[in-house]
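Below is one structure; the comments refer to it alone.
The model shown is predicted, which means the values in this text are computed figures rather than measured ones. Throughout, numbering of the chain's residues begins at 1 and tracks the sequence.
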Amino acid sequence: MMRKMMNAEIMEHDIKLRQMGAEVYVINSKMCFVVFLIGTTEIAYVYNINKKGRYFLERIKPYPVALREFDKEEDVINIIEIDLEQFKNATHSHNIDSFIEINKNFNKSLRKFEDLFLYYNVPKETADAIKSRLTDIDEIIEAAKETSDRIYFKKNPDNL
């Protein structure tokens with residue numbers, strides 16, 4: 001009974017989205033929710049396995065980060081293991097709460113910027129000012145990388 005209701009709901013959504021001009025691909029998949037507690041910090045992941053056997057991994061706590069797509073579940077587990085090791089390392093830092101708060105603020109600012117862009121006609125000067133401040137933040141991050149001791153070596157950073 002529940003499956004029939006879900007299928008009917010999917011068909012209704014499919015029709016509405018097609019009427020809006022979308023191409024819709026219904027993929028039967030399995031979603032896994034994984035939670036760890038490191039000290040008082042909850043680390044949570046969600047990954048989706050589609051019918052093609054592809055894995056889409058995202059960390060959702062303590063702040064959201066789309067990690068990436070993988071071919072094998074083993075790769076998902078390896079990345080989660082590395083991520084956990086890094087968080088275990090980071091929890092020894094007296095800056096961990098600040099680090100998590102900064103990441104949450106980045107995510108909040110990103111959502112605010114999207115709302116600004118989608119709901120308002122923003123002057124070019126404002127966009128330029130935001131880009132300039134982002135460049136300043138990137139420079140601070142790069143300088144910190146150069147002057148800080150590296151503490152994790154099993155994997156190289158993806159974005160630095």
Worksheet, complete the sentence: Between C32 and I49 the two heavy atoms that sit nearest each other are SG-CD1, 4.4 Å
Item to complete: Quick one: pull up CG in L57 and CZ in F70 and give me the separation to the nearest 0.5 Å.
Response: 5.5 Å
Worksheet item: Taking side chain as C-beta onward, heavy atoms only, is I137 less than 4.5 Å from I141?
Response: yes
Fill in: Donor-acceptor pair between Y152 and E85 side chains, under 3.5 angstrom
yes
Worksheet entry | Gap separating the OG1 atom of T40 from the CD1 atom of I96, nearest 0.5 angstrom | 9.5 Å
Practice prompt. Considering non-hydrogen atoms only, spot the tightest contact between Y45 and I80 and give its length.
Written response: CE1-CG2, 3.8 Å
Worksheet item: Other than M31, which residues form its hydrophobic cluster under the rule that side-chain heavy atoms must be closer than 4.5 Å?
Response: F33, V35, V46, I60
Worksheet, complete the sentence: d(L134 CG, E139 CD) to nearest 0.5 Å is 11.5 Å
Discussion item. Would you compute the distance between atom CD1 of I151 and atom CG of N89 and round it to the nearest 0.5 angstrom?
Written reply: 4.5 Å
Worksheet item: How are the rings of Y55 and Y47 set to each other: parallel, tilted or perpendicular (split at 30° and 60°)?
Response: tilted
Discussion item. Is there a side-chain contact (heavy atoms from CB on, under 4.5 Å) between R150 and N156? Walk through the geometry before answering.
Written reply: CA-CA 10 Å; R150 185 165 174 178; N156 285 326; 3.2 Å; yes
Worksheet, complete the sentence: CD1 of I82 to CD1 of I77, rounded to nearest 0.5 Å, is 12.5 Å
Worksheet item: Pick one: which of D97, I100, N103 meets side chain to side chain contact (heavy atoms under 4.5 Å, CB included) with P62?
Response: I100
Item to complete: List in chain and number order the residues that pass salt bridge (charged side-chain N to carboxylate O under 4.0 Å, His left out) with K145, two or more places apart in sequence or in another chain; answer none if no residue qualifies.
Response: E142
Fill in: Side-chain (T126) to main-chain (V122) donor-acceptor, under 3.5 angstrom
no
Worksheet item: If you look at every heavy atom in R59 and I43, which pair is closest and at what distance?
Response: CD-CG2, 4.2 Å
Worksheet entry | Residue pairs, two or more places apart or on separate chains, that pass side chain to side chain donor-acceptor pair (under 3.5 Å) and touch residues 104-125 | K124-D128
Worksheet item: Can you find a heavy atom in the side chain of R18 that is under 4.5 Å from one in the side chain of I15?
Response: no
Practice prompt. Could you tell me which residues satisfy side-chain hydrogen bond (donor to acceptor under 3.5 Å, both in side chains) with E69, sequence neighbours excluded, listed by chain and number?
Written response: R54
Worksheet item: Should the ring pair Y63 and F99 be called parallel, tilted or perpendicular, given that the plane angle runs from 0 to 90° and is split at 30 and 60?
Response: perpendicular
Worksheet item: Given the rule that I, L, V, M, F, W and Y join up when any side-chain heavy atoms are under 4.5 Å apart, are L110 and L116 in one cluster?
Response: no
Practice prompt. Under the side-chain hydrogen bond (donor to acceptor under 3.5 Å, both in side chains) rule, collect the residues that match up with D158, sequence neighbours excluded.
Written response: K155
Worksheet item: Measuring from T91:OG1 to L84:CG, what's the distance to the nearest 0.5 Å?
Response: 10.5 Å
Practice prompt. List for me each residue that meets side-chain hydrogen bond (donor to acceptor under 3.5 Å, both in side chains) alongside R68, sequence neighbours excluded, and say none if there are none.
Written response: none
